[in-house]
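Only one structure is covered here, and it is reproduced in the block below.
Counting convention: from 1, in listed order, for ligands and their atoms alike.
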Amino acid sequence: MEFNVAVLPGDGVGPEVMTQALSVLQAVGEKFGHSFLYHDGLIGGVAIDTLGTALSPETLQMCKQSDAVLLGAVGGFKWDSPQAKIHPEDGLLALRKGLRLFANLRPVKIFPMLVDSANLKPEVIRGVDLVVVRELTGGLYFGQPKRQWRTPKGRQAVDTLAYSEAEIERILRVGFELARSRRKKLTSVDKANVLQSSRLWRQIAIEMSADYPDVELQHMLVDACAMRFIQRPAEFDVLVTENMFGDILTDEASMLAGSMGMLPSASLAGIPKGITFGMYEPIHGSAPSRSGQDVANPIATILSVAMMLRYSFSLETEARTIEDAVLAILEQGYRTYDIMSEGRTKVGTKEMGDLIAEKVKG
Ligand code: IPM
Ligand code: MG
């Protein structure tokens with residue numbers, strides 16, 4: 001089969017981890033007889049510097065015409081000023097919105113051999129295997145009004161947390177369906193003790209649970225969830241939540257897996273059944289202080305490629321092949337700096353990518 005993949009390496013360590021992810025994808029293609037045609041595009045800071053915009057209409061169009069999108073990371077010190085007119089992150093948000101990628105799946109799984117190198121106690125993180133379904137095109141990130149202005153009494157700013165019933169329903173459906181295909185536990189995370197949008201969210205979740213009698217639905221306030229994540233994380237199966245709650249909780253959850261450098265993500269335009277258009281990216285940022293040093297962990301991006309094969313191309317065996325290769329290389333003791341522990345072999349970005357690609361070839 002032949003697939004068209006839009007490739008947006010972005011800023012910081014993005015291009016370095018992307019190069020490794022593409023070499024692993026190439027290895028899968030050779031092994032299973034698929035060809036992947038890459039279409040390169042600019043996004044983020046590099047797009048601001050070259051085109052004057054964080055996402056050009058041409059790049060968006062190119063992504064729309066592809067079968068899936070692979071993204072590295074955006075952002076960096078250079079574009080960080082709060083007074084800047086455009087930010088690299090604007091490009092990512094415009095891309096998510098423009099491609100209607102409302103469902104962001106962030107699986108958090110602890111690899112058994114990394115239990116000892118994580119910051120948290122082994123008995124807390126052992127057995128963690130959860131997925132956060134983050135709503136990605138609404139909520140606090142996109143609600144209007146959203147602006148800053150001056151008043152006689154000083155400066156003022158507003159952001160808005162708004163959701164329609166249709167937006168809540170479609171993201172909850174992703175949560176319910178995913179829970180149904182896993183351990184059948186769904187935790188809907190909200191702030192219903194304070195926010196109107198959360199009360200609507202919770203009410204719709206209760207109504208929808210009638211369609212899913214086989215799924216155990218639980219509601220949890222976002223602050224309690226943050227605590228539970230580091231207290232008893234292994235109890236979670238699927239979580240579903242608002243855009244910004246999901247952003248914050250998944251950075252926290254990454255510590256359960258040892259490092260942000262281990263976590264992939266899929267941003268989908270529909271329920272993950274059959275073939276779904278999507279964008280795939282590591283959950284970590286551009287890590288500008290690490291860029292250009294060949295140290296960044298490419299595993300999150302490599303595992304994002306596996307998610308692309310699974311959800312957008314329906315190539316389950318190929319996806320598993322990548323995941324098994326990652327597992328095998330970790331098993332052999334190879335570690336990037338972020339997951340390094342005593343007695344293991346420290347490798348850089350390229351070497352880690354090469355090892356995994358070789359393992360895929362078998
Ligand atoms: C993420 C990132 C982005 C977000 C930033 C880069 C805009 O933190 O994907 O989690 O906040 O969604
Ligand atoms: Mg984030």
Self-check item: Contact with ligand 1 for M244, non-hydrogen, under 4.0 angstrom
Solution: no
Self-check item: Within reach of ligand 1, part of R134 (heavy-atom separation under 4.0 Å)
Solution: side chain
Quiz item: Have Q26 and Y38 got a donor and an acceptor in their side chains that come within less than 3.5 Å?
Solution: yes
Quiz item: Do any protein N, O or S atoms sit under 2.8 Å from the Mg ion (ligand 2), and which ones are they?
Solution: D247 OD1
Quiz item: Considering only heavy atoms, does M260 approach ligand 1 within less than 4.0 Å through its side chain, its backbone, both, or neither?
Solution: neither
Practice problem: Check whether the ring centres of Y280 and Y311 lie less than 6.0 Å apart, and answer yes or no. | Solution: no
Quiz item: Just by modelled atom types, is the E281 backbone N or O under 3.5 Å from a matching donor or acceptor in the S304 side chain?
Solution: yes
Quiz item: Does a donor on one side chain and an acceptor on the other come within less than 3.5 Å for R228 and Q231?
Solution: yes
Quiz item: For E89 and ligand 1, does the shortest N/O to N/O distance drop below 3.5 Å?
Solution: no
Practice problem: Look only at interatomic distance and state if R106 has a nitrogen or oxygen under 3.5 Å from any nitrogen or oxygen of ligand 1. | Solution: yes
Practice problem: Could you tell me which residues satisfy side-chain hydrogen bond (donor to acceptor under 3.5 Å, both in side chains) with R232, sequence neighbours excluded, listed by chain and number? | Solution: E235
Quiz item: Looking only at heavy atoms of D247, does any of them come nearer than 4.0 Å to an atom of ligand 1?
Solution: yes
Practice problem: Mind listing the closest non-hydrogen atom pair of V295 and Y337 along with its distance? | Solution: O-CD2, 3.4 Å
Self-check item: Residues in side-chain hydrogen bond (donor to acceptor under 3.5 Å, both in side chains) contact with R344, at least two apart in sequence or another chain
Solution: none
Quiz item: Which protein heavy atom lies closest to atom 4 (C) of ligand 1, and at what distance to 0.1 Å?
Solution: Y141 OH, 3.5 Å
Quiz item: Do D11 side-chain atoms and G75 backbone N/O form a donor-acceptor pair below 3.5 Å?
Solution: yes
Practice problem: Apply side-chain contact (heavy atoms from CB on, under 4.5 Å) to D80 and list each qualifying residue two or more places apart in sequence or on a separate chain. | Solution: F77
